[in-house]
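To keep things clear, I will list the structure first and then write my remarks on it.
Quick note: numbers below take in every heavy atom, side chains included, and nothing from hydrogens, waters or symmetry partners.
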2 protein chains.
Amino acid sequence: MTLTTRTLDVLAAFTPRHPRLRLADVAVASGLPLTTAHRIVNDLVRWGALERAPDGTLSVGLRLWELASLAPRGPELREAALPFLEDLYTATRENVQLAVREDLESVFVERLTGPDAVDVMTRVGARFPLPSTGVGRVLLAHAPSEVQEAALAGPLRRWTEHTDTDAGRLRALLAEVRRAGVAFSDQQVTEGAASVAAPVRRGRGEVVAAVSVVYSTARTTAAPLVPAVRAAALGISRALGARAAARP
Amino acid sequence: MTLTTRTLDVLAAFTPRHPRLRLADVAVASGLPLTTAHRIVNDLVRWGALERAPDGTLSVGLRLWELASLAPRGPELREAALPFLEDLYTATRENVQLAVREDLESVFVERLTGPDAVDVMTRVGARFPLPSTGVGRVLLAHAPSEVQEAALAGPLRRWTEHTDTDAGRLRALLAEVRRAGVAFSDQQVTEGAASVAAPVRRGRGEVVAAVSVVYSTARTTAAPLVPAVRAAALGISRALGARAAARP
DNA sequence: CGACGAGTTTCCACCAGGTGGAAGGGCGCG
DNA sequence: CGCGCCCTTCCACCTGGTGGAAACTCGTCG
């Protein structure tokens, strides 16, 4: 294992559940001997990737945050999308999500919710397997075919009694998502919650993200939500196209 | 130079001005031989800290962003502060800034602005020396005395003809900032722009950030802004106190 | 005030992984 | 099809990394 990989493993010791750690915790979480962890942590602190509080606890440093803010598929996408997501939230008063694909998972890049919205557990940065969520189905439908096959290979995870785990049916569903330009997920992940999702393209080209509304099946159905979700997705796509055109 | 430091230097090659780079650019920017840069970049891509586009360009990866989102003095502070900053913006319609101190600089963690606001160059993540800005004066006033001395040592940078660069006068000014609980910066950095800033404390304890309104001297004066800035700072302080109390 | 425990830092014998220039390969363009 | 640019691989060389043990620091408790 390279030292670069070890360095990254030290950083990976910090999680939403454990954002502050002592040196000994870092060593345990990263699987490294105390001395090795100590050496790496000191370099990270010196550079600003980690910072040490007076009580000795370590946390992620500002400098890493500044750097990470440059991620095009995170903050940049989020910033371009935010006005449209806010409009979509205002129009629907439900959970609004923006996600991108990374390998066989979706990563939530933005999420707007309110007091009336159905309770679904997605925090920004969270990851979720592709085939069951609305955004996941959009992202998978427009992924390279080898990604689709990999995602549908092997036993699929069942989240509720409604979860569809049949690969053949899911393949047909993905073809329909491509044709219709919209995906549905009806209580596939959470009892009582469903979603409508649409693809966000860079201009009119490749699908780079998906936007969705997650709603309570007790409160509404998919049909009235479709136009607003499509409009938001198209708006974000146009905004991204404008940004791409403005780049040298 | 350790490999950990080299790894971080590779990451540091990415900047707001150059968020996307080719491998050769990374080598040049980081000062490393091509082979060394290549090796490190491959490890970073494999882990998800960087990602490679089909055309070969590299950019910061989502995984780094997820990790960096754990920074307490960045996203966490920003999230706690945002409602109060929005209120402050609504009340004043001027530039609103939130900054933290890192060594002898302030780092802008959030910034709200509008079409009517005076044009000042501060993007989130930007750094600025402490002694001339409103937030900088607040952060310096409440820093350890050795930080204050270091900041005031040597010739200070002059930004406009109004910039105060006399260490003695600045020391007295910082004492006044501590006494009054508010700092002013009148055209110290930008001709025609001034600011009012107040300290954000963790609960009632240490100063962890500063909030300010930056306004046009042609449009208003400091006095009417002081109560709103103080109120925002107190609100954020209380919010942070509540969060600290809620933590295990 | 001293003992103790927990956690961090330093030591040091040992050696594995890192180094980087050169060569080879891939790809786009005229 | 040849050329230029950029990336990837090769490989002789060696520096920097390793990690258990010991030392050190600090807070707590009797």
Side-chain angles (χ1 to χ4, degrees), chain A residues 1-15 17-61 72 144 146 202 205-206 244 247-248, chain B residues 1-15 17-61 70 72 144 146 202-203 205-206 244 247-248:
Chain A
M1 197 198 298
T2 71
L3 183 52
T4 295
T5 305
R6 289 180 158 198
T7 302
L8 298 166
D9 285 347
V10 164
L11 290 173
F14 295 85
T15 63
R17 184 178 287 275
H18 299 107
R20 287 172 179 79
L21 296 167
R22 311 188 72 84
L23 178 62
D25 302 322
V26 172
V28 168
S30 60
L32 295 169
L34 198 53
T35 316
T36 307
H38 179 256
R39 187 180 301 115
I40 294 172
V41 160
N42 276 4
D43 276 351
L44 290 167
V45 168
R46 198 170 294 123
W47 188 87
L50 292 180
E51 54 191 40
R52 191 178 256 128
D55 72 347
T57 54
L58 300 154
S59 58
V60 173
E146 65 269 19
R202 191 168 291 285
E206 70 179 314
R247 219 172 37 240
Chain B
M1 200 200 294
T2 71
L3 183 52
T4 296
T5 306
R6 288 179 159 200
T7 302
L8 297 166
D9 286 346
V10 164
L11 290 173
F14 296 86
T15 62
R17 182 178 288 274
H18 299 106
R20 288 174 178 77
L21 296 167
R22 313 188 71 84
L23 179 63
D25 301 322
V26 171
V28 168
S30 61
L32 295 169
L34 198 54
T35 317
T36 306
H38 179 255
R39 187 178 302 115
I40 293 172
V41 161
N42 277 5
D43 277 351
L44 290 167
V45 168
R46 198 168 294 123
W47 187 86
L50 293 180
E51 57 193 37
R52 191 177 256 130
D55 72 347
T57 54
L58 300 154
S59 57
V60 173
L70 302 176
E146 65 269 18
R202 193 170 289 285
E206 68 178 314
R247 220 172 37 239

Query raised in the report: Rounding to a whole Å, what distance do you find between A:R22:CZ and C:dT9:P?
Result: 10 Å
Requested in this report: Answer yes or no: does a side-chain N or O of A:H38 lie under 4.0 Å from OP1 or OP2 of C:dT9?
Outcome: yes
Requested in this report: Output the distance between atom CZ (A:R6) and atom CG (B:D43), rounded to the nearest 0.5 Å.
Outcome: 12.5 Å
Report summary line: In whole angstroms, the gap separating P of C:dG26 from CG of B:L23 amounts to 17 Å
Polar-atom pairs under 3.5 Å, protein N or O versus N or O of nucleotides 20-26 of chain D: list them with distances, or write none.
unit_1, atom_1, unit_2, atom_2, d
D:dG20, N7, A:T35, OG1, 3.2
D:dG20, O6, A:T35, OG1, 2.8

Report summary line: CD1 (A:I40) and OG1 (B:T4) are apart, to the nearest 0.5 Å, by 5.0 Å
Query raised in the report: Can you check the B:L21 CG to D:dC6 P distance for me, whole Å?
Result: 13 Å
Requested in this report: Please state whether the phosphate of C:dG7, meaning OP1 or OP2, lies under 4.0 angstrom from any side-chain nitrogen or oxygen of A:R52.
Outcome: no
Report task. Can you tell me the distance, in whole Å, between the CG atom of B:L32 and the C1' atom of C:dG20? Result -> 11 Å
**Report entry** A:D9 CG - D:dT18 P separation (whole Å)
**Finding:** 12 Å
**Report entry** Phosphate contact (C:dT19 OP1 or OP2) by B:R6 side-chain N/O below 4.0 Å
**Finding:** yes
**Report entry** Side-chain donor/acceptor of B:T57 to backbone N/O of B:A53, under 3.5 Å
**Finding:** no
**Report entry** Earlier contact from the 5' end, DNA chain C, for A:M1 and A:A24
**Finding:** A:A24
Requested in this report: Using whole Å, report how far CD1 of B:I40 lies from P of D:dT9.
Outcome: 16 Å
Query - Donor-acceptor contact present, side-chain A:N42 to main-chain A:R39, <3.5 Å - result: no
Query - Spacing of OG1 belonging to A:T36 relative to CG belonging to A:D9, to within rounding of 0.5 Å - result: 12.0 Å
Query raised in the report: Are any non-hydrogen side-chain atoms of A:L32 and A:V26 less than 4.5 angstrom apart?
Result: no
**Report entry** Length of the line joining A:L3:CG and D:dT15:P, which is rounded to integer Å
**Finding:** 18 Å
Requested in this report: Starting from C1' on C:dG26, measure out to CG on B:D55 and report it in whole angstrom.
Outcome: 15 Å
Query raised in the report: Can you check whether A:V41 reaches A:R52 side chain to side chain, under 4.5 Å on heavy atoms?
Result: yes
